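The structure presented is a predicted model; accordingly, all values stated were derived computationally and were not measured. Lettering of chains follows the sequences in order, A, B, ..., and the numbering in each one begins at 1.
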Amino acid sequence: MSETSASELQHAALPQEFYLQGTIEAARRMLNCVLMHETSGGFVAGRITETEAYTQDDPASHAYRGKTARNAAMFGPAGHAYVYFTYGMHFCFNVVTAAEGVADAILIRAVEPIEGLELMSRRRGLAEGEIARLHSSADQKMRERWAFALCGGPGKLCQAFGITRTENGVDVTTPGGLWIAPPRPEFGALQSREICATPRIGIRQAAETPWRFTLKNDPYQSRK
DNA sequence: ATCTCGATAGTCT
DNA sequence: GACTATCGAGATC
């Protein structure tokens, strides 16, 4: 497991301006940034490996048909969370982009777990024996399987990170609570990788628009 | 490896 | 009443 301490990771957060550079560009540059959540239960962190962009004029966006109680956070300021509940059991985490009143957002679909894997495992409902077995394994393939089970999808990572309705609308540009930090050198092996743009997952409208972003050959994705 | 389907509840037509 | 920015189990190839 990583030897990086929580305090080393907690020094910085992407500023609001990051989320105002343009939704597509921000979605690309959010790859390799670090998502963190500090709660009374503990600290978890993960390197962002898969994002999807949604713009207000995009038929696939929740905001396409205008503002409602559900999507109101998308119309708020950039750098705040938009968390929605779907399929009767899953939460999905987005970061709002563009100026207040413009409802663009970026969905975080997968991360590579970095810190707090035991806490993530408990939140995901893994058995204690399974956690111990995975933790003791030095095998890279086993680590990738574990990562997929914890954070290999938007619903899974929300559960692993303890992100629910409570986080809807919160500011993610300030260290502490829920926030996102710039890429870290210790995870730099992947930072210069080529970015892949592919169709977004699980939508009907605008299904061909290639606004899902991943890093070439990065194994930590929601799908191969 | 790829598929089909059920779970489950909030949201919108 | 239909649909969903999902997940996991079970069937099938």
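Nucleotide B:dT8: unpaired (no Watson-Crick or G-U wobble partner with both distances less than 3.5 Å).
Within the 3.5 Å criterion, the main-chain N or O of A:Leu14 finds no donor-acceptor partner in the side chain of A:Trp179.
Here A:His62 reaches the OP1 or OP2 of C:dA5: one of its side-chain N or O atoms lies under 4.0 Å away. Side-chain nitrogen and oxygen atoms of A:Thr68 include at least one within less than 4.0 Å of the OP1 or OP2 phosphate oxygen of B:dC12.
No N or O donor and acceptor, one from the side chain of A:Tyr87 and one from the base of B:dA7, sit under 3.5 Å apart.
When rounded to the nearest whole Å, the span between CZ of A:Phe161 and P of C:dT6 equals 18 Å. Remark: P of C:dC7 and CZ of A:Phe93 are 15 Å apart, rounded to the nearest angstrom. Counting to the nearest Å, the P atom of C:dC7 and the CZ atom of A:Phe85 are 13 Å from each other. Between the CZ atom of A:Phe91 and the C1' atom of C:dC7 there is a distance of 15 Å, given to the nearest Å. Whole-Å rounding puts the A:Arg223 CZ to B:dC3 C1' distance at 12 Å.
A:Arg145 CZ: 12 or fewer foreign heavy atoms inside a 6.0 Å radius.
In this structure, A:Arg124 reaches the sugar-phosphate backbone alone: every heavy-atom distance under 4.0 Å involves primed, P, OP1 or OP2 atoms, never a base. At a threshold of 4.0 angstrom between heavy atoms, the contacts of A:Arg200 with the nucleic acid are absent.
Stacking of A:Arg165 on the aromatic ring of A:Phe85 is recorded, both the 6.0 Å distance cut-off and the 45° axial limit being met.
Each of A:Arg165 and A:Met89 lies near DNA chain B, and the nucleotide nearest A:Met89 is the one positioned closer to the 5' end. Residue A:Arg204 is the one, among A:Arg204 and A:Ser222, whose nearest nucleotide of DNA chain C lies closer to the 5' end (criterion: closest heavy atom).
The side chain of A:Arg65 lies closest to B:dT13, out of C:dT6, C:dA5, B:dT13.
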